[in-house]
Every structure is written in C-alpha cells, then in structure tokens.
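Read the numbers this way: they start at 1 and go in the same order the structure lists the ligands and their atoms. Values below: all heavy atoms of this structure, side chains included; hydrogens, waters and symmetry mates excluded.
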Amino acid sequence: MISNNKICISNNWQYFNENESNKVTINIPHNNVNVPYSYFDEKIYQIISYYEKNINIENDKKRIFLKFDGVMTAFTLYVNGKKLSEQRGGYIPHSIEITDYVKVGENKIFVEVDSTERNDIPPFGYVVDYLTFGGIYRDVWKYELDNTFIKNLFFKYEILEHNGTYGKVKCMPIIQVDCLNDENIDIIYNILNNKVDTNINVKKGVNRYNLNEIIIENVELWSIENPKMNLCNVTLISDTSKDNASINVGFRDLKILHNGIFINNEKIKLMGLNRHQSFPYVGYAMPKRVQEEDAIILKEELGLNTVRCSHYPQSTYFLDKCDNIGLLVLEEIPGWQHISKDESWRNQVLDDVKAMIERDYNHPSIITWGVRINESGDDEELYTKTNNLAKELDDTRLTSGVRCYEGSQLLEGIYTMNDFVHNGGEDILRNRKTCTNLDYSVPYMVTEFCGHIYPTKKIDCEEKLVEHALRHARVQSCCKLDDEILGAIGWCAFDYNTHFDFGSGDRICYHGVMDMFRMPKFASYVYKSQKDIKKEVVLEPLTYWSRGEKQMGIVFPIYVFTNCNSIELKLNNISKGIFKREKQNLDEKLSGLNNPPIVINTINGEWGASWTDAEFIGYDENNNIVGSKKFCASVTYEDIKVDMYSNELYCDRLDATRISVKAIDKEGNILPFISDSIDIEVYGDIEVIGLNRLNFIGGSIAFWVKSKVLNNKSTAAIKIKSFYGYEKKLEINLI
Ligand code: GAL
C-alpha cells in the first residue's frame with residue numbers, strides 16, 4: 001500500500017494481555033512486555049495480548065484498509081466485533097480491507113496478537129539465536145480509498161549509458177492497481193520534471209500493468225558517496241476514482257559479477273556488519289528516529305558501506321535512511337537454520353519473499369534478496385520456488401541465500417557464505433572454490449565471521465578486546481586481498497538479547513563491535529579507521545594505557561587503528577620516534593586494509609618502573625599534525641561526558657532519541673573499570689525508556705528518552721547525575 005490517502009493511527013491504543021487485564025493507554029511502536037536488560041525468561045513476552053482503538057470513518061463511499069507494518073508473530077483483527085482472518089509473519093506488513101465491516105462514525109478495532117513462537121511460522125520450529133519480541137512494534141495506518149487505487153509502484157529502470165555520475169535512464173515503471181470493477185484509468189507519473197501519461201484498461205482485482213516508458217538524459221546517479229534520491233509522484237484518475245502516491249527512487253547501475261560488485265562502474269568491496277533490530281528493554285519497538293540512527297551509526301560512525309539485515313526484513317525507516325546516506329543492504333527472509341516440513345510454514349516462506357520484495361523493491365540501497373533461511377540446509381523444492389518467485393517479482397536483482405557449509409546447492413545468483421574458519425590461527429577465510437565446490441566462477445561473498453567464535457564484552461580485559469578487533473581486521477584484510485570474495489560482513493554490529501541456548505547465560509550474545517547500547521568496543525575502530533581522512537581523522541590506539549592490565553605488565557605492541565599517515569609517540573613529552581607504515585610497524589595479516597593499523601612496538605619498561613603520560617600524535621601525508629590522543633599516567637575520574645543524538649523530538653507521535661554517557665578522565669578517555677552509576681531525571685513531557693538508574697558498563701552507558709505524545713509543543717529537560725556527583729543537563733525541544 002503506497003497511497004498518500006492514509007493517516008497514521010499509532011497513537012492512543014488501549015492495551016492489555018493474558019497476564020494483566022487492566023487496560024492501559026499506549027502508543028505504537030509498542031512492545032507487549034518491557035524486558036530487563038539481561039537474565040530474563042524469554043517466555044515473558046511470548047504471550048497473547050490485546051490492542052483496541054476506535055477509529056472514525058467519515059465517508060461510506062470509500063474503501064477502508066488498515067495496514068500493520070509489523071506485528072509479532074501473528075494477529076487476528078476484529079472490527080466492530082467481527083473476526084477477520086489471521087495474519088501471519090512478524091516481519092512483514094499486513095494490509096487488510098475492512099470496508100464491509102465498518103460504518104460511518106466510530107468503529108471499534110480490536111487486535112489479538114499472538115507473540116508465541118509458533119511452529120507454523122518462520123523462524124520458529126527449532127532454536128533461534130535471537131529474540132522475537134512481541135507486540136505491535138511498527139506503525140499502523142488507515143487508508144481511505146476510492147474503488148480503484150494505486151496498490152504499489154515498482155519503479156523499474158535501466159541505465160542505458162553513463163559516465164559514472166550522470167546517465168541516460170530508461171524508466172519502465174510497473175504499477176499495481178487494485179480495483180473493484182474493470183475500468184479505464186489514467187496513470188500519470190512525474191519523475192525529474194517529466195510527466196508520463198498512460199491509459200490502461202484495468203481488470204477487477206489486484207494486477208500489475210506496465211506504464212509508458214520514457215528515456216531521461218543526464219540523470220544524477222545514486223551511489224554510496226552520492227546517494228541521490230528523486231521523488232516520483234503518481235496519480236490515478238478514472239470515472240470512479242482518484243488516488244495519488246509518492247515514492248523515492250535512486251538510479252544506479254548495479255552489476256554483481258564473479259570478479260566484483262560495480263556501482264556505476266566503480267568497483268566496491270563490501271565491508272559491513274550484520275544488524276539485529278533489537279534494543280534493550282523494548283525489544284523491537286523503536287520509532288523512526290531510532291531506526292534511522294542505527295543506519296547513521298553504521299555508515300557515518302563506523303564507516304561501513306554495507307549492512308546485512310539479519311535475519312529478516314527490517315524497518316522501512318531504517319532502509320529509507322540507508323538509501324539516503326548510501327549504505328548498501330542485503331535483505332533476507334525470516335528464518336534461522338531450521339526448515340519445517342509443515343505446509344503452512346513453507347507457504348509462509350513464500351509469503352515472506354513476496355512481501356519483502358513488494359515492500360522494498362524501490363530501495364536503491366538493497367543489492368540482493370536473500371531467499372534462503374539463514375544457514376539452512378539445501379531444500380531444492382523450497383528454494384527453487386523462492387528463487388523463481390523473487391525473479392518473477394524483480395528481475396533486476398540477483399538472489400542470494402546464506403549458507404554455512406561447503407558445496408551447498410547453488411540456485412541463487414550469489415553464493416553467500418558464513419565463514420567462521422578464523423579462530424585466531426592461520427586460517428582467515430576459505431577460498432571461493434572450497435566453499436562453492438564449483439569449477440566455474442560465481443559471485444561469492446562472506447556474510448558472517450567472528451561472532452560466537454570470539455564473544456567479547458565491552459567489560460572484557462584489554463587483550464581480549466584487542467584480539468576481537470584483530471580478528472575483524474584480519475578477515476577484512478584477507479577479504480580485501482582476495483578478488484574472488486566480493487566482500488565480508490562481520491557478525492555483528494550490536495550485542496543482542498538471545499535465547500538461553502546461546503549467549504553468556506544472561507540472554508545476551510556479546511558478538512557486537514558495539515554493545516547493546518551502541519557504545520563502541522575496540523573492534524569498532526577497525527571499521528572506523530578505514531574512513532577517508534578527509535571525512536574524519538581517526539586515531540585510536542587500542543590500549544587502556546596502564547601497566548597492569550595485560551599479562552606480564554607488558555604494554556606494547558599497541559595497534560593504532562588510524563587513517564593518519566604516521567604516528568609519533570611521546571612519553572612524558574619526549575618523542576620516542578615517528579612510526580610510519582613501514583614493514584617493521586605493520587602486521588602482515590592486516591596489510592590488505594585500506595588503512596592498516598600502525599603497530600608501535602617500543603620500550604616495554606619493567607614491572608616496578610615508573611609509569612608515564614603518553615601522547616599519540618597523528619600526521620597526514622604532508623607531515624602536518626592532524627590529531628592527537630593523550631593518556632595520563634595518573635588516571636582519575638574527572639567528569640561525565642554526555643552526547644545526545646537529537647535535541648528535538650516530535651510530540652504528536654512516539655519519538656525517541658539516544659543519549660550516551662561516558663565516565664572520563666581529564667583527557668576525555670573512558671574509564672573502562674569505573675564502578676559508578678547514573679540517575680536520570682526528566683522534566684516535561686518525556687520519559688526514559690527502561691530504567692532511570694543505570695550502571696556504567698565498561699565505562700559508558702546509553703539510554704533512550706521518548707516523547708509522551710501529548711501534542712504539547714514545549715521544552716523538556718534531562719538531568720543526569722552520577723553517584724560520584726558529576727552532573728549534566730540537557731534540553732529537548734518537543735516539536
Ligand atoms: C551464525 C548465525 C547468526 C549468529 C552467529 C553467531 O551461525 O547465522 O545468527 O547466531 O552464528 O556467531
């Protein structure tokens with residue numbers, strides 16, 4: 001459903017559940033149960049819950065639809081007491097026509113949500129390494145439409161020629177129309193100031209029609225560096241109906257070949273991480289801004305060019321942001337290792353393929369459709385169907401399907417492989433031939449590595465955090481040097497809650513390069529330091545700069561992940577030399593990286609020798625100082641540093657933003673072993689998501705605040721006070 005004739009009805013629902021019959025007023029996105037950060041029984045959210053709301057219908061001539069963007073796991077809608085059919089699948093949108101059940105005036109909507117792990121719906125049937133938090137966790141919309149309306153528009157195009165930045169584009173959009181009776185309609189679409197009019201005889205039902213083609217010259221192309229998006233307006237006019245819709249389109253020439261991925265002829269090596277869409281306390285229920293913020297963290301903060309939406313279609317707000325900032329996406333259907341024999345489960349897989357592609361066809365950031373259950377075995381029957389369906393719905397993208405064993409049957413366009421071979425030893429990545437077992441070349445990429453092979457907590461000791469970083473660095477380096485591997489996507493971006501069958505016994509998999517609060521571990525600097533120095537100077541020595549943290553009291557070697565040209569080390573203000581990317585300062589296994597770390601291996605001193613201040617100074621290629629990182633010998637707790645993503649929140653809908661808090665010394669360095677907590681007080685129409693008292697974890701923590709949805713434009717404030725007395729105040733404008 002893409003019509004503009006819609007309103008968001010996410011605010012003001014009544015909510016209760018099988019354990020708590022008192023109704024409370026809630027706003028969507030909503031998690032059926034607030035969960036603790038860790039050590040909770042995942043059964044607490046696997047319940048039946050109920051949502052109700054009155055909606056107003058003004059015109060009895062309209063067709064009325066409700067669209068639920070995401071409800072976990074299945075739901076049954078009742079309209080004015082009448083039951084409609086059950087909708088299954090927690091990661092795809094569900095549009096339901098309710099015209100025959102409503103009357104002019106007030107109508108009661110009641111939704112029974114089943115958040116249990118249903119064996120008839122993927123990913124369930126066996127164990128799963130993540131949690132599928134319950135509730136109506138994405139927005140809900142009401143559409144009031146005429147007899148005939150625009151259901152979808154697949155903006156198919158072909159780039160006929162281009163110079164890398166501008167191109168000649170042949171637009172061949174396909175419209176999907178829903179109509180009650182056969183009729184003749186006019187469809188006008190507007191793209192880049194070109195108006196294209198097509199007259200079609202449409203047939204009753206939901207069908208696709210090709211619109212008039214048009215060739216446009218000099219179109220600015222979409223790329224990861226210049227993610228140019230264009231608005232396309234579409235209007236439908238007939239004797240009975242009028243409708244309009246708007247979509248965003250980005251034009252790019254994408255080629256995925258066995259020897260490279262090319263966007264507008266530029267070869268791109270994928271460097272990415274997997275993302276789960278979960279957050280502390282609220283599971284999946286985070287609004288648009290927070291979804292967007294994740295994309296920004298991945299692209300702007302970590303400098304990735306790719307994200308894999310593991311292991312299900314994620315929020316369209318997240319994907320829209322990926323389009324807008326140029327972050328490539330691998331999207332896939334829900335599932336985890338298990339393939340059921342159950343007919344309805346298998347049909348759901350096909351429904352998921354269809355819903356995913358129909359929802360997300362127009363995202364230029366999406367480069368492939370994952371049409372296998374993550375890490376499942378071969379199933380020729382099922383995967384022939386998923387592949388055929390994907391090709392029928394979209395012949396412009398290759399399919400892929402993530403496997404974890406060698407020689408799996410290739411029905412897809414890309415062989416995507418989770419290669420966990422690197423366990424710290426000599427083997428870093430297997431080669432393409434070994435994994436595909438094919439004697440011809442196919443596009444091949446690595447979609448996971450590291451993860452459970454080396455779980456690492458932010459609170460772990462320095463050596464562990466460094467080795468975690470080095471494993472990511474070795475794999476990315478090895479991938480860079482191997483032309484037969486199109487890219488590597490590490491496991492994973494953020495720590496995540498999981499079932500008791502996995503993780504550290506506390507329901508958390510500590511596999512992220514950032515923790516669950518999106519606070520960095522050393523491994524995140526591997527990625528960050530690959531950024532172009534023109535965008536940001538990155539200078540991250542992987543050290544806590546202390547004599548007693550590593551075994552034997554040894555401090556060096558220190559890996560400095562940086563995009564500077566060279567590094568000078570000063571101890572007590574005395575230079576110990578300038579370290580360039582010369583053989584003696586490089587780790588051979590990391591030489592494939594764009595910016596391999598500079599390894600400083602100098603005096604180690606002795607246990608018992610006095611300890612000194614240190615400064616790492618970064619130089620650019622012209623030997624200008626561009627950055628510096630100082631460490632104190634005598635580290636003391638001096639302050640807390642607070643950063644807020646947005647100082648504005650919408651007050652007419654549920655909106656939220658993240659605030660990070662770090663315990664720091666006088667140089668601004670984090671105190672990884674601080675034992676302190678913060679109390680958070682809020683003033684005005686905002687609330688803290690989760691707890692108001694938090695302990696630092698590894699020297700930092702973050703939390704989210706949300707607007708109360710009172711439509712009261714005002715200013716709200718947040719006071720953060722640590723137990724040790726450091727205090728910061730922030731203001732948020734509610735707009
Ligand atoms: C993979 C799986 C991921 C995650 C990862 C942990 O096998 O696909 O979902 O469990 O292992 O390393």
Side-chain angles (χ1 to χ4, degrees), residues 42 90-91 117 122-133 272-278 283-284 306-314 329-339 349 352 368 370-379 383 400-406 408 412 414-424 427-430 435 445-457 460 464 467-469 471-472 474-476 487-516 521 523-524:
E42 58 263 27
Y91 296 101
E117 300 195 344
F124 307 116
Y126 194 56
V127 294
V128 178
D129 171 25
Y130 52 90
L131 297 183
T132 56
F133 302 94
L273 292 167
N274 285 268
R275 174 200 187 231
H276 268 304
Q277 64 176 18
S278 55
Y284 286 167
T306 309
V307 58
R308 173 173 170 228
C309 292
S310 51
H311 302 297
Y312 37 76
Q314 301 192 354
V329 177
L330 276 71
E331 195 176 36
E332 66 195 25
I333 49 169
W336 204 83
Q337 293 190 348
H338 164 76
I339 304 178
V349 172
D352 285 336
T368 174
V371 297
R372 287 171 77 108
I373 303 297
N374 170 63
E375 292 194 337
S376 57
D378 288 339
D379 185 322
Y383 293 144
S400 52
V402 170
R403 56 265 287 161
C404 57
Y405 61 94
E406 295 167 9
S408 140
E412 296 78 20
I414 311 170
Y415 197 107
T416 38
M417 174 81 181
N418 291 348
D419 188 353
F420 286 101
V421 76
H422 184 49
N423 60 8
D427 295 336
I428 312 282
L429 283 173
R430 280 170 275 182
C435 290
M445 60 178 83
V446 172
T447 34
E448 287 183 37
F449 61 86
C450 205
H452 64 288
I453 306 296
Y454 205 71
T456 304
K457 303 181 186 69
D460 273 332
K464 178 125 210 232
E467 175 59 16
H468 182 226
R471 288 183 184 211
H472 275 268
R474 286 182 210 121
V475 174
Q476 291 294 356
I489 302 170
W491 190 267
C492 59
F494 314 121
D495 294 346
Y496 54 97
N497 287 125
T498 189
H499 290 85
F500 63 70
D501 315 80
F502 305 90
S504 294
D506 56 354
R507 303 299 202 287
I508 299 177
C509 267
Y510 294 95
H511 298 175
V513 304
M514 295 182 134
D515 70 8
M516 227 194 278
K521 304 178 192 168
S524 68

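Nearest heavy atom pair, residue Tyr383 against residue Ile339, reads OH-CD1, 3.4 Å.
Contact of the Lys457 side chain with the Tyr510 side chain is registered, since non-hydrogen atoms from C-beta on lie closer than 4.5 Å.
Listed as neighbours of ligand 1 are Asp129, His311, Trp336, Asn374, Glu375, Asn418, Phe420, Glu448, Gly451, His452, Trp491, Tyr496, His511, each bearing a heavy atom under 4.0 Å from the ligand.
Counting only residues at least two apart or on different chains, the salt bridge (charged side-chain N to carboxylate O under 4.0 Å, His left out) pairs with a member in residues 492-510 are Glu42-Arg507, Asp495-Lys521.
For the pair Glu412 and Arg372, the salt-bridge criterion is met [side-chain N within less than 4.0 Å of a carboxylate O].
A ring-ring contact (aromatic ring centres under 6.0 Å, His included) with Trp491 is found for exactly one of His472, His468, His422, His311, namely His311.
Ring planes of His511 and Tyr496: perpendicular class, angle over 60° (limits at 30 and 60°).
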